[in-house]
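Below is one structure, written out as structure tokens; the observations come after it.
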Amino acid sequence: MSVFVEIDHVDRIFSLPNGGSYVALKNIELKIKQGEFVSLIGHSGCGKSTLLNIVAGLDQASHGGVILEGRQVTSPGPDRMVVFQNYSLLPWLTVYENIALAVDEVMGRSPASDRRSIIQHHIDLVGLRHAASKRPGELSGGMRQRVAIARALAIRPKLLLLDEPFGALDALTRGGLQEQLMKICEESHVTCIMVTHDVDEALLLSDRIVMLTNGPESHIGQILQVPIPRPRNRMEVVKHPNYYSMRNEIIYFLNQQKRDKKRKATQKVANVNAKAIEAPLSNNAPLVRSEAAPQQLEKVTLEIGFIPLTDCAPLVVAKAKGFFKKHGLEVNLCRETSWSAIAQGIATKRLDAAQMVAGMPLGMTIGMGGNQPLPIVTSLVLSRNGNAITLSKRFYQQGVRTLADFKNAIAQTPDRVYNLGVVHPHSMHNLILRYWLASGGIDPDRDVNLIVIPPPHMVAHLRAGKIDGYCVGEPWNSFAVSEDIGFVIATDLDIWPGNPDKVLGVSEDWVNQYPQTHIALLKALIEACEYCDDPRNREEILQLLCQPQYLGSAQVYARPGFIDPYNRGTQEQPQILPRFNQFYVDNSNCPGRVEGLWILTQLARWGITPFPKNWIEILERVRRVDLFGEAARQLGLPDRESDREPFKLFDGMVFNPDDPMGYLKCLEIRHEIRVEEIIIDAAKADVA
Amino acid sequence: MIAKADRFSTKKNLPNFLIKFVQDKLKNIVPPLIAIAVIMVVWQILCPPGSKGLPGPLQVIGETWNPYIINPFFDNGGTDKGLGLQIFASLQRVAIGFSLAALAGIGLGILIGTNKVIYRALDPIFQVLRTIPPLAWLPISLAAFQQSNPSAIFVIFITSIWPILINTTVGVQQIPQDYRNVARVLRLSRQKYFLKILLPSAVPYIFTGLKIGIGLSWLAIVAAEMLVGGVGIGFFIWDAYNNSLLSQIILALLYVGVVGLLLDRMVSFIASKVVAEEQK
């Protein structure tokens with residue numbers, strides 16, 4: 001099953017006459033097998049035809065490219081034959097001559113009789129023998145399209161590209177042509193990519209349906225597999241049990257896109273109104289000229305909240321090493337006591353931005369714990385990994401070394417309920433801990449008790465015996481180890497290496513009000529993250545971190561993992577874990593949507609929030625890859641999201657981003673999952 | 001009209017299509033005839049015989065009947081020839097001038113239309129030259145050619161080349177993107193693209209240019225011949241004016257108009273045979 005056509009991270013950027021640029025397609029990555037039929041569906045103007053033209057070679061991608069059978073596509077050719085939307089038949093040639101034009105050109109070396117028979121065969125194939133000597137002007141729309149299809153198939157292309165081929169036809173003609181096309185595709189095993197608006201057509205003809213989000217920066221939103229067996233019959237296919245659920249999913253996707261479009265339009269209007277009084281500034285990021293020229297910042301003095309942990313390093317570095325200043329910002333770092341305080345700070349606008357746990361933007365946007373939904377946006381992942389699960393030393397003395405041991409220990413004392421500390425319901429610590437427990441067969445809510453404790457208090461609680469373990473970031477694990485009250489049973493790297501841990505969160509209102517400031521903030525932090533991941537700088541950073549206004553702890557506790565080998569408090573030799581704190585490498589900073597979807601599934605799994613039926617919309621709104629991309633482009637760094645591929649955690653369970661519901665159903669230990677459509681009204685922009 | 005139809009339809013031995021044919025023709029012929037008759041009557045009333053100024057129609061016919069109307073091909077030597085021969089001589093000049101203009105216009109038009117650099121180089125020049133009235137070229141061409149016939153032909157050439165050239169250029173430039181895409185996907189060679197797509201697609205525009213061109217040529221020749229002399233309808237008119245033979249002028253004008261109409265229709269007819277149905 002080798003790849004036949006690969007659309008390799010294609011971007012398409014148009015230059016506007018006023019000097020700006022419009023990103024039509026962003027990071028389209030698709031692999032197509034031979035003989036497969038793929039449909040592209042999306043709203044008008046989302047770039048489907050642009051993408052098809054790029055695959056055909058009629059247009060060039062701005063970044064990335066298309067590879068067909070191992071060779072790059074640079075110019076159009078008959079091996080990628082296009083059936084155009086307007087048929088494109090030459091009106092001064094007859095049907096026969098139109099097809100002959102193509103056949104003679106491509107198969108010029110064959111003898112004339114061979115070519116004649118090929119042309120005749122294909123004319124018969126589409127049922128136009130009686131009209132072979134008529135001109136297109138004398139044919140109906142359906143007949144003309146049949147000629148276009150015959151012309152495309154007669155030259156035996158490797159790839160058939162259809163651009164809304166049946167768009168202008170009536171239902172009956174369309175149905176007949178669809179069946180003919182299906183029959184032909186089956187006989188000749190030709191690979192097809194079709195652009196269409198018609199959901200039923202896509203379900204009837206395709207093996208896979210690729211749904212594109214709205215422009216600008218249109219990307220793949222969701223891919224649907226169509227498991228209906230072939231040969232398919234137009235009348236019978238609707239009786240397939242999954243037909244209507246698939247159909248509804250596609251229509252739901254399109255509705256979400258429509259809502260999204262409307263929201264963006266009203267937001268833009270609001271932005272324009274709000275800024276009418278101020279100096280001319282640009283609005284949504286994708287339309288901004290991508291230059292390093294400093295735009296005027298709306299707000300220069302910022303309050304940014306953080307929690308004293310090792311992975312607040314990017315913020316500290318950005319301030320101390322002057323990255324904030326470099327981008328024109330005066331930042332006040334506010335040390336907060338708990339994650340709830342940070343959430344409150346953002347909600348009450350006391351803080352402009354904050355370091356948040358990975359699930360907090362999504363949780364707050366959906367409206368956790370019965371609170372009002374407050375749209376929070378994250379455009380940057382500040383740090384990855386950096387956490388560990390520490391258990392009381394008592395367990396170690398009982399001989400608990402692994403998850404299975406822990407389960408046994410719990411099972412042996414059924415009367416005793418063990419308490420485990422987590423920092424916040426929406427944090428990766430909570431989700432990772434629960435996932436870890438559940439994969440070992442421990443129900444996090446029935447077999448143990450999880451309580452929320454702010455990180456600085458964790459060790460004290462452990463020492464006092466109020467909790468039996470916790471999951472938290474450094475340095476609190478190493479602190480417990482060095483005090484000999486706990487040991488580390490698992491680190492992030494054992495469970496999900498590269499998991500997003502802390503993100504930069506700002507409220508959506510704030511981003512709309514201060515777009516340039518936000519971009520400047522992102523740029524400063526990306527550079528700070530890069531600085532943090534350079535091993536030569538770690539000593540210096542440690543010095544900075546351990547100052548009283550930041551971590552305030554002695555250096556020795558913060559060193560393990562960050563610089564020194566990591567001591568788990570077990571008998572084994574401390575190892576250097578180079579990726580224990582990951583800030584920049586491997587495209588860390590991009591707030592990927594696939595991770596966001598995983599977080600949503602986990603939040604729903606444990607009943608913390610309902611699972612949003614319109615998860616595509618919510619992810620698009622909360623995880624702003626476009627803003628990250630804008631900041632990265634201005635710095636000259638790569639600006640694309642990682643590929644949306646299925647991934648698995650340590651227990652081997654595969655998470656497929658195209659089927660979150662299926663994933664949820666496969667999980668054994670979970671709460672009752674509520675699936676709701678969560679509509680969040682566009683926050684009204686403050687008119688200054 | 002309806003009465004006539006009724007009268008015809010009652011006769012059972014006349015086949016239907018003949019009835020229809022006659023009906024259609026009558027529908028188109030009778031109104032203009034009536035209009036012409038009315039104009040003649042009005043003209044006669046406004047210009048009674050014996051008045052100074054324009055002669056009435058009866059006077060015109062009377063004065064030109066012999067020899068101009070009944071013998072259009074008399075030849076008494078020199079420039080005293082029948083109207084048929086005069087018109088023929090003019091047409092000859094038009095034919096040569098127009099053919100040259102067509103060749104040059106279409107050729108240059110294709111060249112400019114396909115090549116952006118040459119377009120940018122020559123287009124401003126052409127835009128200036130084409131607004132120069134045809135007769136203004138006459139002194140220059142006379143000085144260049146020193147003879148009346150070539151200079152008249154040059155005036156025809158320079159008048160009719162502009163519409164042909166510009167329309168051909170536009171036709172070549174306006175090839176729909178669809179056809180270009182087809183050529184690109186099929187990877188047609190430049191020559192095939194030229195012959196099979198470019199030219200057929202530009203043909204309607206070329207014929208528009210030719211139609212305009214022929215009309216302008218005919219206009220120009222009459223004016224040119226007035227100044228240049230020799231056998232030709234233009235000079236005939238000028239000569240008649242100098243001799244105050246108004247009736248001859250009026251007759252000649254009528255002939256000029258009819259010939260112009262026929263030329264235009266001829267080009268249209270050729271176009272209808274060449275241009276495909278869908279392109280119109």
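Here is the naming used below: chain letters follow the sequence lines, and residue numbers restart at 1 for every chain.
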* Structure fact -> Turns out that what part of A:Arg80 lies under 4.5 Å from chain B's heavy atoms comes down to both

* Has B:Phe88 got more than 12 heavy atoms of other residues, nucleotides or ligands less than 6.0 Å from its CZ? -> no

* **Over 12 non-hydrogen atoms of neighbours within 6.0 angstrom of CZ in B:Phe21** => no

* **Best-contacting candidate, A:Pro157, A:Ala102, A:Gly57, against chain B by heavy atom pairs under 4.5 angstrom** => A:Ala102

* Is it the backbone or the side chain of B:Lys192 that comes under 4.5 Å from a heavy atom of chain A, or both, or neither? -> side chain

* Heavy-atom distance under 4.5 Å between the side chains of B:Lys196 and A:Leu90, does that happen here? -> no

* What's the shortest heavy-atom distance between B:Val185 and A:Phe84, and which atoms? -> CG2-CZ, 4.2 Å

* Asked: To the nearest 0.5 Å, how far apart are CG in A:Asp79 and CZ in B:Arg187?
  -> 6.5 Å

* Which pair of heavy atoms, one from B:Ser189 and one from A:Glu105, lies closest together, and at what distance? -> N-OE2, 4.1 Å

* **B:Asn181 side chain near A:Asn53 side chain, heavy-atom distance below 4.5 Å** => no

* Nearest atoms (heavy-atom pairs only) where A:Pro91 meets B:Tyr179 -> CD-OH, 3.2 Å

* Give a yes or no on this: more than 12 heavy atoms of other residues, nucleotides or ligands lie within 6.0 Å of atom OH of B:Tyr119. => no

* **Proximity breakdown for A:Leu93 and chain B, heavy-atom pairs closer than 4.5 Å** => neither

